[in-house]
Structure formats: structure tokens, C-alpha cells
2 protein chains.
Amino acid sequence: MANIREIAKVAGVSVATVSRVLNGYPYVKEEKRKAVWEAVEKLNYTKNINAVHLAKGKTSIVGVVLPYVNHPYFGAIVEGISREALRYGYHLLLFQTNYEVQKELEALEMLRMKQVDGLIICSRIVSWDVIDVYKDDGPIVLCEDVKGRDVLSVYINHYEAFLFAMKYLMNKGHRKIGYCIGRTTGTNSKAREAAYYDALRNIHESPRKEWIFDHCLYIEDGKRVVNEWLALPEKPTALLVSSDQVAAGIVLWGRREGINIPEDLAVFSFDNHPIAEALEITTMDLPLSLMGTKAFRMIYQCLETGKIAKKSEKLDARLIERSSV
Amino acid sequence: MANIREIAKVAGVSVATVSRVLNGYPYVKEEKRKAVWEAVEKLNYTKNINAVHLAKGKTSIVGVVLPYVNHPYFGAIVEGISREALRYGYHLLLFQTNYEVQKELEALEMLRMKQVDGLIICSRIVSWDVIDVYKDDGPIVLCEDVKGRDVLSVYINHYEAFLFAMKYLMNKGHRKIGYCIGRTTGTNSKAREAAYYDALRNIHESPRKEWIFDHCLYIEDGKRVVNEWLALPEKPTALLVSSDQVAAGIVLWGRREGINIPEDLAVFSFDNHPIAEALEITTMDLPLSLMGTKAFRMIYQCLETGKIAKKSEKLDARLIERSSV
DNA sequence: TTGTAGGCGTTATCAA
DNA sequence: TTGATAACGCCTACAA
């Protein structure tokens with residue numbers, strides 16, 4: 001494969017001139033410019049981008065850290081990141097972690113090694129001190145409330161959203177409310193949990209362990225929830241479900257079991273995916289794609305200007321009222 | 001940021017020795033080995049991976065080309081690729097193309113520029129001659145039937161799967177069969193179309209344009225199909241739907257419109273996503289994740305051994321019989 | 001077992 | 001406008 005030196009030789013110019021032509025810099029005589037392009041054509045030359053990366057000290061690649069690539073929640077975020085990255089000529093390196101510390105560390109190491117210029121962490125399990133170690137190696141944006149810590153972040157106000165949903169259910173007369181969540185660890189989950197407990201406290205209800213369903217991520221998890229709900233001696237009359245996917249599962253398997261929604265069981269969900277519309281599930285619209293877009297922009301701005309306009313941005317959810325409550 | 005030379009200086013050895021230690025090569029006195037690690041620790045050193053890439057002429061990155069990151073079909077493929085890539089220490093660079101030629105070209109260019117060692121093209125729009133141009137720049141695996149062309153491929157036998165489904169519907173007495181597809185261009189779509197036409201010809205039915213629904217990708221497209229179906233003067237009694245997402249939309253909006261499934265309209269779908277189980281949709285299980293895994297392995301084998309065991313692999317679909325037909 | 005030196009392919013600085 | 005040449009940071013013969 002030809003390199004810039006060969007081009008220089010064939011075109012009868014210096015490598016510096018070739019580089020100038022290749023990168024569209026001024027101050028090159030039209031004649032030489034042409035000679036260079038001809039040589040490029042003739043030798044079927046292309047830049048070796050690794051050499052560019054090394055020389056420039058940057059890659060125009062942003063790393064995306066997420067537990068599962070194949071979940072609509074993260075799919076929506078990645079979509080938002082991807083769209084914006086495309087606009088600015090950046091590429092995306094995917095780090096699927098399955099919430100394994102090792103994998104997350106690897107992504108952070110890649111930032112240090114300059115494999116990526118910046119990192120967007122959609123969800124994590126590593127502790128703050130670990131992230132702190134890497135924060136001088138490049139911009140890191142987290143999709144969670146970092147509560148004043150010295151890292152960039154764009155996040156959805158899950159506390160408010162959950163609280164809002166709880167109040168909505170209470171206004172409809174519900175007092176016995178359970179909830180379904182993907183995992184109980186993690187900032188976002190904690191925020192939701194806090195809202196749940198706070199809301200219950202307000203009406204002097206004490207939370208019950210058996211009304212909290214963990215590991216709810218996919219449609220099929222709704223089946224499990226329905227079965228467990230059916231087996232409950234005392235049942236909640238409403239369920240707050242952190243994902244439309246799971247809510248859809250609950251509604252669908254619930255129907256098959258003859259459960260009337262919302263009469264027997266009200267379902268209030270989050271995300272506002274198309275499936276929620278199709279099933280007429282009341283949900284909170286979460287601006288996931290927007291969050292991805294904003295996360296990328298933060299990285300981008302940091303990279304290009306070195307400045308940070310806003311260190312942290314909070315995004316609000318929006319009620320989509322349908323008939324599952 | 002410290003580099004290998006500084007480490008050498010601090011440790012009192014040569015850069016070659018540092019490199020040996022860093023890469024775990026033998027023939028280094030334990031004492032020097034220790035000195036190197038201490039220097040690494042002291043200077044908080046990390047390799048610059050771009051320099052490694054340049055020196056080695058490879059990146060251990062595989063590019064993944066797909067139209068939409070946020071669709072379950074492609075999500076499943078990426079998941080399979082990702083899982084396998086993780087095992088072998090490879091990383092994934094995502095190219096979301098939206099089926100724009102420009103974007104696909106960019107990915108191919110990245111192969112030439114050695115940004116990626118290989119490319120997995122999940123779906124494409126560029127023509128064969130374009131791909132031919134790049135095939136000497138690194139292994140390219142396509143997820144479609146390449147029909148003897150000189151490229152690697154792993155693909156699902158869509159023709160057989162569609163034909164099988166058509167026969168299944170016919171056995172159930174259907175003769176008026178429509179179909180829904182994501183796009184009408186593309187090898188996979190053409191294979192499905194061919195099966196559809198061939199099957200109709202077998203029973204001496206001529207295809208009708210108004211029974212073919214294009215641009216069906218997401219749940220919400222099912223709504224459109226239902227509305228169009230309702231408006232049809234003469235309606236098909238069965239629909240072959242190329243995606244569970246769309247089938248789910250059809251079933252759900254169909255129910256809301258009072259359509260009985262399968263009595264008024266039978267729905268036969270593809271993918272076997274959890275949503276199909278939840279809605280009791282008869283579908284063909286497509287080994288998407290497996291296809292991704294195999295695609296990666298092909299690239300990997302090609303890269304590591306330089307040899308190709310199998311140039312092309314065909315994967316079969318499997319009937320999942322439920323009650324929508 | 002260790003070190004020297006050249007190579008990987010660009011970019012960027014500086015002098016002409 | 002142009003060209004030399006020194007980075008960029010690591011790998012790897014080859015020699016010792």
C-alpha cells in the first residue's frame with residue numbers, strides 16, 4: 001500500500017506538500033496540486049488513519065459504554081448519540097459491559113490509551129473513585145445525576161418523574177402500589193426508589209418487599225411479574241413499571257390470565273416506546289434520544305473548544321395519559 | 001503523558017526491554033522486569049494505542065455497518081457480534097448508515113484506511129462493484145446470500161423461510177395472502193419477494209400490488225397496515241409479515257379495530273422476538289444473534305489465520321407455531 | 001538477556 | 001510557496 005512518501009516521489013514534490021494537498025490547505029500551486037492528485041489516483045492511495053491519529057493525538061472516536069446493546073432503552077440513547085456523531089464526523093466505539101466492572105474498566109482504559117477521545121457512560125456499576133482516576137484523560141459524560149461531582153452529565157430527572165407518577169396513581173385512589181425495576185443498584189434506580197419511598201411515606205403506607213419486582217428489563221419479565229402478582233396473598237392495585245417493555249409484558253400476560261387493566265391492576269410505565277401506544281399504556285415520555293444527542297454535544301464541545309458551557313443538564317419526563325391507569 | 005522512552009530512562013533499561021515487559025515477553029531478568037513495572041507505576045504510564053496500531057498495522061477493531069441501531073432486528077445481530085468480539089479482545093465501531101450510500105462508503109473507506117481490520121455489513125444499499133473495490137483491503141462479511149460472489153457471508157435462508165410460511169398458510173386454506181416488508185430493495189427482501197411470488201404462482205394466484213405493504217419496520221407501521229387493510233375493497237385473509245414488531249402492531253391495532261385474528265386475518269411473522277410470544281403470534285425463529293456471532297468469527301479467523309474455512313454459511317429459520325394463523 | 005536503530009505513515013514547525 | 005526534518009509512541013529485527 002502506497003504511502004505519502006511514494007506519492008511525493010511520483011508527484012515530484014515533498015511530503016509536506018502532499019499533506020497540504022490532501023488536507024486542503026492553501027499555498028500550493030495549482031500545478032503541483034494537480035500532480036499530487038494524479039499520483040494519488042495512479043497509486044490508488046489512501047491515508048493510514050492510524051498514523052493520523054498518532055500524529056494528531058486524537059481519533060475522532062467517542063466510546064459508548066452500556067450494559068446491553070439490544071435493549072430499546074439503550075438503543076434509543078445510542079440512536080441519539082449516533083445521529084449527532086454522524087453530523088460532526090465522529091465515530092462510535094461500542095462497549096457492551098453486561099454491568100461487569102472489568103468491561104467498564106476496559107472502556108476507561110481505552111480513554112487513557114487514547115483509543116477514544118471521550119466517553120459516554122449510559123449506565124455503570126464501577127464506583128466514583130474509579131471514574132475519578134480517569135477524568136483527566138478526556139471528557140466523560142454520564143447519563144445520571146452526578147450530584148455536583150466533577151464530571152459532565154446529562155440525565156433524566158427520574159426522581160421527579162417517579163414521584164409524579166406516584167401522585168398520579170394516588171389521585172386515582174391507589175394506595176397499594178408496587179413497582180418493577182431493572183436493577184436496584186445504580187443512581188437512576190436509587191432515585192426512583194427514593195421517590196417511591198417518599199411518596200408512600202406521604203400517605204403513611206409502609207413499603208412491602210414482595211411488591212418490589214427486581215430484574216425487570218424485557219417483555220418476558222412481565223410474565224414473571226404477573227405470575228408473582230397472582231400468587232400474592234395481598235396484591236397491590238397498581239404497579240409502577242420502569243420500562244414500557246416490561247409493562248407491555250404485564251399487560252399482555254395479564255390479559256391472558258384474565259386480569260382487567262386498569263380495574264384489577266393499574267399499570268403506569270416509563271419510556272413511551274411505540275409498544276406503549278399500541279397497548280394504550282399510560283407512561284412518561286423519557287427523552288432518551290435527546291439525552292444521547294446532548295451527551296455527544298457535551299463531549300464534542302469539550303473536545304473542540306476545551307470549554308464547558310454547562311456541566312450538568314437535567315431533562316424532564318412528560319406524562320402520556322392513556323388508559324392503563 | 002509519559003511514553004515508553006521515559007519509562008526506559010527511569011527504569012534504567014532500553015525501550016526494547018520496556019516493550020518486552022509491557023507485552024509479557026520472556027527473556028527479561030526478573031530484576032529489570034520489576035524496575036520497569038515500578039517506573040510504569042511511578043509515572044502513571046499507559047500505552048498509546050494509536051502508536052501500537054500504527055506499528056502493528058492493525059487495530060483489533062471490527063466495523064459494523066447497519067441502517068438503524070435502534071431496531072430489534074439489528075440489535076440482535078449486534079448483540080451476537082458484540083458477545084463474540086468481547087471474547088477475542090476485539091472492539092466494535094458502529095456505522096449507522098440509514099441506507100445512505102455515502103455513509104456506507106465511509107465505512108468501506110475506513111477499512112482501506114485501516115481504521116478497522118474488518119467489516120461486517122448487516123444490510124446495505126451500495127452495489128456489488130463498490131464492495132469489490134474494497135475487498136482487498138480486509139475481510140468483509142455480508143449478512144446476505146452473496147450467490148457465489150467472492151466475499152464472505154453468513155445469512156439466513158429467507159427464501160426457504162418465506163416459502164415455508166407461504167405453504168403453511170396455504171395448508172390452512174389461505175389463498176389470498178398479502179405481505180409486509182421493510183424495504184423492497186436488498187438481497188434479503190428480494191429473496192422473500194421471490195418466495196412470495198413463487199408460492200402464489202404454485203396455486204395460480206396472481207399477486208396484487210395493494211396487498212404488498214412496504215416500509216414496515218416498527219410497531220407503529222402495523223397501525224398503518226391495519227388501516228390500509230380495512231380500506232381495501234377486497235382483503236387478503238392472511239398476511240406474511242417480515243418482522244415481529246410490525247406483526248405485533250398489526251395484531252394490537254387489529255384488536256382495537258375489532259379484527260379477529262386469525263379468523264378475519266391470519267398473521268404469520270418472522271424473528272421470534274419476545275413480543276411474538278406475548279401476543280401468541282406464529283413466527284419463524286431467525287438465528288440473528290448466531291448470525292452475528294458467526295460473522296464475527298469469520299472475520300476473526302480470516303484475520304488471525306489468514307485462512308477461510310467456509311466462505312459462505314446459510315442459516316435456517318425454525319417454525320414457532322402459535323395461534324395467529 | 002539486552003540494547004541500538006530503523007520503521008510504521010502522518011502532521012507540523014521552521015527556514016528558505 | 002515549498003521542502004527538510006523532527007516529532008508522534010511503539011514494535012521488532014538484528015547485533016551483541
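Protein chains get the first letters and strands the later ones, always in sequence-line order, with residue 1 at the start of each. Only this structure's heavy atoms are used, side chains among them; waters, hydrogens and symmetry mates stay out.
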Starting from the C-alpha separation in whole Å, work towards a yes-or-no answer on salt bridge (charged side-chain N to carboxylate O under 4.0 Å, His left out) for B:Glu313 and B:Lys310. CA-CA 7 Å; B:Glu313 191 164 358; B:Lys310 223 191 277 183; 3.7 Å; yes
Test ring-ring contact (aromatic ring centres under 6.0 Å, His included) applied to B:Tyr73 and B:Tyr68, step by step: CA-CA 9 Å; B:Tyr73 182 89; B:Tyr68 323 110; over 10 Å; no
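Residue whose closest nucleotide on DNA chain C sits further toward the 5' end, between B:Lys29 and B:Lys114: B:Lys29. Between B:Tyr25 and B:Asn50, it is B:Asn50 whose nearest contact on DNA chain D lies nearer the 5' terminus.
A salt bridge does not link A:Lys34 with A:Glu30: every distance from a Lys NZ or Arg NE/NH1/NH2 to an Asp or Glu carboxylate oxygen is 4.0 Å or more. Classification of A:Arg87 and A:Glu84 as a salt-bridged pair holds, one side-chain N sitting under 4.0 Å from a carboxylate O. Under the 4.0 Å criterion applied to side-chain N and carboxylate O atoms, A:Lys311 and A:Asp150 are assigned as salt-bridge partners. For B:Lys103 and B:Glu106, the salt-bridge test fails: no basic side-chain N is under 4.0 Å from an acidic carboxylate O. A salt bridge links B:Glu304 with B:Lys58: the distance from a Lys NZ or Arg NE/NH1/NH2 to an Asp or Glu carboxylate oxygen falls below 4.0 Å.
Residue B:Arg124 forms a side chain to side chain donor-acceptor pair (under 3.5 Å) with just one option from B:Thr97, B:Thr185, B:Thr187, and that option is B:Thr187.
You won't find any donor-acceptor pair under 3.5 Å spanning the side chain of A:Arg5 and the base of C:dG7, going by distance alone.
In this structure, A:Lys58 does not reach the D:dC8 phosphate: none of its side-chain N or O atoms is under 4.0 Å from OP1 or OP2. Side-chain N/O atoms of B:Tyr45 include one lying less than 4.0 angstrom from OP1 or OP2 on D:dC10. Between A:Ser19 and C:dT10, a side-chain N or O to OP1/OP2 separation shorter than 4.0 Å is absent. Taking side-chain N and O atoms only, B:Lys47 has a distance below 4.0 Å to OP1 or OP2 of D:dC11.
Within the nucleic acid shown, B:Thr17 comes within 4.0 Å of sugar-phosphate atoms alone, with no base atom in reach, counting heavy atoms only. Nucleic acid contact class of A:Asn23 (heavy atoms, under 4.0 Å, all strands): sugar-phosphate only.
The aromatic rings of B:Phe296 and B:Tyr88 lie parallel to each other, their planes meeting at an angle below 30°, with 60° marking the opposite boundary.
Contacts between residues 7-16 of chain A and DNA chain C, counted as heavy-atom distances below 4.0 Å, involve A:Ala16.
Comparing the start and finish of the helix from C:dT1-D:dA16 to C:dA16-D:dT1, five pairs each, the helix axis swings through 40°, to the nearest 10 degrees.
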